[in-house]
Amino acid sequence: ISPPAPGPADPLPSALRAAMQRDLGPSNDQLAQYMKIERLATVQEKQLASAQGRNFAGSWIERKPNGTFQVVVATTSPRAQKGPADVAIRSARHSLSELDASKAQLDAVLARSGKAPAGVYGWYVDLPDNAVVVTVGKGREQAGIDFIAASGIDVNSVRVETADEQPSLRVALEGGLGYLRNPGDGYLYACSVGFPVTQGGFVTAGHCGTAGEVTYFEPSQWTLGPKIGSFVASSFPAPGQTGNDYAWVRIDSGHTLVPAVDGYGKGDVTVRGSTEAAVGASICRSGRTTGWRCGTIEAKNQTVNYSTGETILNLTRTTACSEGGDSGGSFITGAGQAQGVLSGGSGSCKGKQPNNRTRSFYQPLLPILQNYNLTLLTGT
């Protein structure tokens, strides 16, 4: 496998650098090496998978005990292998295709029953652990076991883990930087702008509003500013049903769209593209309630069962924190690659960060753009 062609260094915006060092803890040198490994993973991901063929068991970015990072490629091949520089080859029991098929069996149970079982919070493929993980509430392990049994999944490829809190949608119900809805029920509903598109609007979370609903600018927290536009389309399932969580808003004439993510006074980040980051890559999100928060990508294509009864498909799981009102907000990499919009999460941004209780889930950007035939607005 040939190394990536050299290119100009990607200067890390100061706002992202500060947030990543606060939430992920790398030194300046470690952060620079992390960015290098992320670029390596992006360039070589398909080549590394192709080299393993049907034995490929996934790839991800991993932090070593000395604080530096490497790309790990898992394989079910019995022969010893040595990877290129900064790439470790690791043996695995199950191929990625087998794990994906097992997860699909769990999704099939959902399709038959129409909703996730009570106490089951979600399920996903954990690449480093080489297993399908079913997340349940404390004391609800039997619900997870029954769900697994109903699927017919190979029990050797799955494990059950407990979580302190069920994921919930990130909408603040009383009052709040981003945008607001005022449906006339006595409450203001706050969400955050995702990414501007060339069609004269922005993408955001589907649970933030329905087609035709008006949105208002929020000049300060919970202050209803001027009308900025309306929802053109929105996708979000009813409680007990399954679907996606995305929408787009068309802005009114007179407003301007900027191809950037707000840095909350620490420097905005230009949106340069939408190349998908690898599992293990650093990720930062921006939202009206908690500003810049960072974490890493833990898994892709997770199914999440929210506490309000809706089940959302194809979410990306991250360790970044979030809170109410951050919904719809931007997830972006240090290289300025747009990743998706916040759907929901568990834990909070209060207290010492990072901690192992915090998770946020985002709806990947590319399916949103494809579904609504939109084009991401980018800058230079």
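Since this is a predicted model, take the numbers as computed values, not measurements.
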Residue pair Phe202, Tyr179: steps toward the ring-ring contact (aromatic ring centres under 6.0 Å, His included) verdict: CA-CA 11 Å; Phe202 58 85; Tyr179 63 92; 5.4 Å; yes

Between Phe236 and Tyr246, is the ring centre distance below 6.0 Å? no

Examine distances only and state if a side-chain atom of [X] and a backbone atom of [Y] form a donor-acceptor pair shorter than 3.5 Å.
{"X": "Ser102", "Y": "Glu98", "answer": "yes"}
{"X": "Ser192", "Y": "Gly328", "answer": "no"}
{"X": "Glu310", "Y": "Asn244", "answer": "no"}
{"X": "Tyr306", "Y": "Gly344", "answer": "yes"}
{"X": "Ser157", "Y": "Leu99", "answer": "no"}
{"X": "Asn182", "Y": "Leu188", "answer": "no"}
{"X": "Ser286", "Y": "Gly291", "answer": "no"}
{"X": "Thr198", "Y": "Leu377", "answer": "no"}

Flag the pair [X] and [Y] as a salt bridge only when some basic side-chain nitrogen lies within less than 4.0 angstrom of an acidic carboxylate oxygen.
{"X": "Glu62", "Y": "Arg90", "value": "yes"}
{"X": "Arg293", "Y": "Asp326", "value": "no"}
{"X": "Glu298", "Y": "Arg359", "value": "yes"}
{"X": "Glu276", "Y": "Lys300", "value": "yes"}

Is any side-chain heavy atom of [X] closer than 4.5 Å to a side-chain heavy atom of [Y]?
{"X": "Asp268", "Y": "Val261", "answer": "no"}
{"X": "Tyr34", "Y": "Thr68", "answer": "no"}
{"X": "Val71", "Y": "Gln44", "answer": "no"}
{"X": "Leu374", "Y": "Leu376", "answer": "no"}
{"X": "Thr204", "Y": "Val193", "answer": "no"}
{"X": "Val232", "Y": "Gln199", "answer": "no"}
{"X": "Gln105", "Y": "Val109", "answer": "no"}

Answer yes or no for Arg317 and Phe361: cation-pi contact, defined as NZ/CZ to six-membered ring centre under 6.0 Å and angle to ring axis within 45°. no

Could you please spell out the steps behind the side chain to side chain donor-acceptor pair (under 3.5 Å) verdict for Thr296 and Arg63? CA-CA 11 Å; Thr296 59; Arg63 193 169 191 176; over 6 Å; no

Counting neighbours of CG on Asp185 that are heavy atoms of other residues, nucleotides or ligands and sit closer than 6.0 Å, is the number greater than 12? yes

Take atom CZ in Arg159; do more than 12 heavy atoms of anything else shown fall under 6.0 Å from it? yes

Hits for salt bridge (charged side-chain N to carboxylate O under 4.0 Å, His left out) against Asp164, two or more places apart or cross-chain, chain-then-number order -> Lys138

Which of these, Ile312, Leu313, Asp245, Thr311, sits in a side chain to side chain contact (heavy atoms under 4.5 Å, CB included) with Pro237? Ile312

Take Glu161 and Thr135 through the side chain to side chain donor-acceptor pair (under 3.5 Å) test and state the conclusion after the steps. CA-CA 5 Å; Glu161 70 174 15; Thr135 306; 3.3 Å; yes

